[in-house]
Amino acid sequence: MSTEQLLGLFTGVVFGFLMQKARVLRYEKQIGALLFKDMTIFKFMLSAIIVGMFGIMALYDLGVITLSHKSMNMGGVLLGGALFGIGWAVMGFCPGTSVGAAGEGRWHAIFGAVGMVVGAGLYAEMYPFYKVTVLSWADFGKIGLPEAMGVNHWVIAVVLAVSFGWLFRWFERRGL
Amino acid sequence: MNANIGSLDRQLRIGGGFILITLALTGVLGPWAWIGVVPIATGVFNLCPLYSLIGVNSCSIEGIETNVDGWSPYIAGALVGLLAIASVYLTTVYMGKSTYLGASTTFVRAAGFALEAVDPVHVAENAYYLKEKVKLDWQFLLVIGIFFGSLLSSTTDKSFKLEGVPEIWKDQFGPSVLNRAFASFVGGMIAITGARLADGCPSGHGLSGMMQLSVSSFVALALFFGFGAIVANLMYRKN
């Protein structure tokens with residue numbers, strides 16, 4: 001195995017381990033989050049975002065890493081975001097958690113993973129069509145919120161972290 | 001102020017802090033990694049000011065010590081944040097390109113591999129497979145790793161359970177494994193189409209994109225949860 005593959009495998013094992021420990025891989029947790037009845041997934045994701053955000057910005061400011069924004073393609077993000085939400089609720093897992101759920105014995109997630117492979121194959125066949133339709137409507141490119149708003153990235157990060165902190169407080173008070 | 005840090009939480013803080021300081025000392029990370037003294041101090045004194053502020057107490061979260069309910073999602077989430085930072089750094093150093101956590105492109109590559117077995121010429125000529133490159137790359141191994149990480153964690157704390165139909169699904173739609181499998185499959189097809197159009201899933205957009213403050217990720221994540229909430233509420237509407 002190459003260094004790249006070993007690194008990927010190791011990162012994945014830790015990622016899967018932590019998601020399983022947080023119990024976010026379960027169907028009940030995924031649906032619970034979408035019904036706003038169990039906020040475990042929100043707590044998990046927002047905590048990861050707070051920590052990751054500060055570290056990534058520090059490494060970026062030091063010139064150690066580069067950012068890799070995904071394009072703000074209007075048709076792609078709007079239609080794709082909506083479709084993903086629908087599929088997520090029906091499947092009960094997202095791409096990463098479907099594989100993780102199978103790892104903790106929830107084998108109905110495997111059908112979702114197979115559905116995603118089939119769906120990805122169909123997408124590849126349809127790609128030339130999407131490229132000249134949905135994906136060609138309007139593309140604002142790979143932009144970050146700091147440039148879009150003209151505000152320093154640390155300011156945005158602090159505002160987000162404080163907002164997430166308030167959300168956590170609210171979740172805990174309501175016992176969600 | 002009273003102690004508000006449980007024992008596992010304390011170990012993670014002290015362990016993580018030492019790793020950061022070691023990386024600062026060895027010059028792997030910049031001087032900012034000296035921030036590691038903060039988690040060590042909070043761990044040693046069993047007191048986290050941030051927890052007091054938001055009203056969290058990890059001593060009282062029994063799951064942390066008993067394994068039954070797993071770890072606090074705040075702690076596991078924060079550790080995923082550290083993993084994301086370490087992973088961007090290590091991929092930059094060892095692969096020459098800053099690479100962020102993600103999962104959905106791997107399903108395209110898996111489809112490419114499957115199709116290659118039948119019709120390799122078609123895969124070689126398809127614009128999308130050419131764009132995403134059908135190979136066992138970093139992310140492909142990451143997705144495989146997720147499976148084994150989850151297997152490792154669930155078998156060692158005895159939370160591994162074979163499940164064909166989740167309980168809440170059973171209550172709402174009955175015990176048929178076929179129905180659940182069909183929904184899982186169709187949902188997967190729809191979700192991956194969305195993820196490829198939007199160029200990311202809750203890992204790529206939700207975690208990585210949000211950490212980088214990408215505009216597209218804020219929009220995508222809002223739509224993921226928004227439309228997911230609408231459909232989940234329709235599915236689980238009380239009759």
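Here is how names work: the chains are called A, B, and so on, in the same order as the sequence lines, proteins then strands, and each is numbered from 1. Predicted model, so just to flag it, every value in this text is computed and none were measured.
A donor-acceptor pair shorter than 3.5 Å cannot be found between the side chains of Ser71(A) and Asn73(A). A donor-acceptor contact closer than 3.5 angstrom links the side chains of His153(A) and Asp61(A). Side-chain atoms of Ser153(B) and Lys21(A) form a donor-acceptor pair, as typed in the model, at a separation below 3.5 Å. At a cut-off of 3.5 Å, with distance as the only test, a side-chain donor of Arg196(B) or Tyr128(B) sits close to an acceptor on the other residue. Glu163(B) and Trp107(A) share no donor-acceptor pair across their side chains, judged by distance under 3.5 Å alone. Side chain to side chain, Ser159(B) and Gln20(A) meet the donor-acceptor criterion of an N or O pair below 3.5 Å. Side chains of Ser87(B) and Thr11(A): a donor-acceptor N/O pair is absent below 3.5 angstrom, by distance only.
Trp138(B) is listed as a side-chain neighbour of Met95(B), based on a closest heavy-atom distance under 4.5 Å. Leu136(B) is listed as a side-chain neighbour of Leu141(B), based on a closest heavy-atom distance under 4.5 Å. Two residues are said to be in side-chain contact when any heavy atoms from C-beta on lie closer than 4.5 Å; Thr97(A) and Gln30(A) meet this criterion. The shortest side-chain heavy-atom distance between Arg180(B) and Phe173(B) does not fall under the 4.5 Å cut-off. Looking only at side-chain heavy atoms (C-beta outward), Pro95(A) and Phe84(A) come within less than 4.5 Å of each other.
There is no contact between Met126(A) and chain B, counting heavy-atom distances below 4.5 Å. In this structure, chain A has heavy atoms under 4.5 Å from both the backbone and the side chain of Thr193(B). Contacts between Phe140(A) and chain B at a heavy-atom distance below 4.5 Å are absent for every atom of the residue. Residue Ile56(A) touches chain B through both its backbone and its side chain, counting heavy-atom pairs closer than 4.5 Å. Both the backbone and the side chain of Ala102(A) come within less than 4.5 Å of a heavy atom in chain B. For Thr106(B), no part sits under 4.5 Å from any heavy atom of chain A, backbone or side chain. If you measure heavy-atom distances from Glu167(B) to chain A, the contacts under 4.5 Å come from both the backbone and the side chain. Using a 4.5 Å cut-off between heavy atoms, Leu160(A) contacts chain B through its side chain alone, with no backbone atom that close. Heavy atoms closer than 4.5 Å to chain B are found in both the backbone and the side chain of Met45(A). Heavy atoms of Asn126(B) lying under 4.5 Å from chain A belong exclusively to its side chain. Residue contact with chain B, scored on non-hydrogen atoms closer than 4.5 Å, involves the backbone and the side chain of Thr40(A) alike. In this structure, the portion of Leu59(A) lying under 4.5 Å from any heavy atom of chain B is its side chain and not its backbone. Proximity to chain B involves both the backbone and the side chain of Phe15(A), based on heavy atoms less than 4.5 angstrom apart. For chain A, the nearby part of Val165(B) is the backbone; its heavy atoms alone come within less than 4.5 Å. Ile65(A) touches chain B through backbone and side chain together, each having a heavy atom under 4.5 Å away. Contacts between Ala113(A) and chain B at a heavy-atom distance below 4.5 Å involve backbone atoms as well as side-chain atoms. Heavy atoms closer than 4.5 Å to chain A are found in both the backbone and the side chain of Met210(B). For Phe111(A), the parts lying near chain B are the backbone and the side chain together; criterion is any non-hydrogen pair under 4.5 Å. Heavy atoms closer than 4.5 Å to chain A are found nowhere in Gln139(B), neither backbone nor side chain. Neither the backbone nor the side chain of Phe54(A) has a heavy atom closer than 4.5 Å to any heavy atom of chain B. Neither the backbone nor the side chain of Ile230(B) comes within less than 4.5 Å of any heavy atom in chain A. Proximity to chain B (any heavy atom under 4.5 Å) is shown, for Glu125(A), by both the backbone and the side chain. Of the atoms belonging to Thr92(B), it is side-chain heavy atoms, and not backbone ones, that fall under 4.5 Å from chain A.
Phe164(A) and Phe42(A) have their aromatic ring centers separated by at least 6.0 angstrom.
Your options are Ser68(A), Ala33(A), Gly103(A), Ala101(A), and the one with the most heavy-atom pairs under 4.5 Å with chain B is Gly103(A). Interface remark: of the candidates Val186(B), Ile144(B), Leu90(B), Leu50(B), Leu90(B) forms the most heavy-atom pairs closer than 4.5 Å to chain A. Counting heavy-atom pairs closer than 4.5 Å to chain B, the top-ranked of the candidates Phe93(A), Trp166(A), Phe36(A), Tyr127(A) is Tyr127(A). Ranked by heavy-atom pairs shorter than 4.5 Å toward chain B, the options Ala22(A), Ala48(A), Pro128(A), Ala120(A) are led by Ala48(A). Looking only at heavy-atom pairs under 4.5 Å with chain A, the residue among Val93(B), Leu115(B), Val143(B) that has the most is Val143(B). Contact count versus chain A (heavy atoms, under 4.5 Å) is highest, among Phe227(B), Tyr236(B), Phe218(B), for Phe227(B). With respect to chain B, the highest number of heavy-atom pairs below 4.5 Å among Ala124(A), Gly55(A), Ala109(A), Gly144(A) belongs to Ala124(A). Looking only at heavy-atom pairs under 4.5 Å with chain B, the residue among Met74(A), Met39(A), His69(A), Lys142(A) that has the most is His69(A). Annotation: maximal heavy-atom pairing with chain B below 4.5 Å, among Met72(A), Met53(A), Glu104(A), Arg169(A), occurs at Glu104(A). Top candidate by heavy-atom pairs under 4.5 Å with chain A, chosen from Phe148(B), Trp32(B), Phe225(B), Tyr94(B), is Phe225(B). Note on His122(B), Lys97(B), Arg109(B): by heavy-atom pairs under 4.5 Å with chain A, the leading option is His122(B). When each of Ile146(B), Leu152(B), Leu223(B) is checked for heavy-atom pairs under 4.5 Å with chain A, Ile146(B) comes out on top.
Below 30°, between 30° and 60°, or above 60°: for Phe17(A) and Trp71(B) the angle between ring planes is above 60°, a perpendicular geometry.
The 12-atom threshold is not exceeded at NZ of Lys131(A), counting heavy atoms of other residues, nucleotides or ligands nearer than 6.0 Å. Within a 6.0 Å radius of NZ in Lys170(B), more than 12 heavy atoms belonging to other residues, nucleotides or ligands are found. Other residues, nucleotides and ligands contribute over 12 non-hydrogen atoms within 6.0 Å of the CZ atom of Phe160(B).
Minimum interatomic distance between Leu135(A) and Gly76(A) (heavy atoms only, all atoms of both residues): CD2-CA, 3.7 Å.
Salt-bridge formation is detected for the pair Glu172(A)/Lys43(A): a Lys NZ or Arg NE/NH1/NH2 atom is positioned less than 4.0 Å from an Asp or Glu carboxylate oxygen. Between Arg26(A) and Asp38(A), no side-chain nitrogen of the basic residue sits less than 4.0 Å from a carboxylate oxygen of the acidic one, so the salt-bridge criterion is not met.
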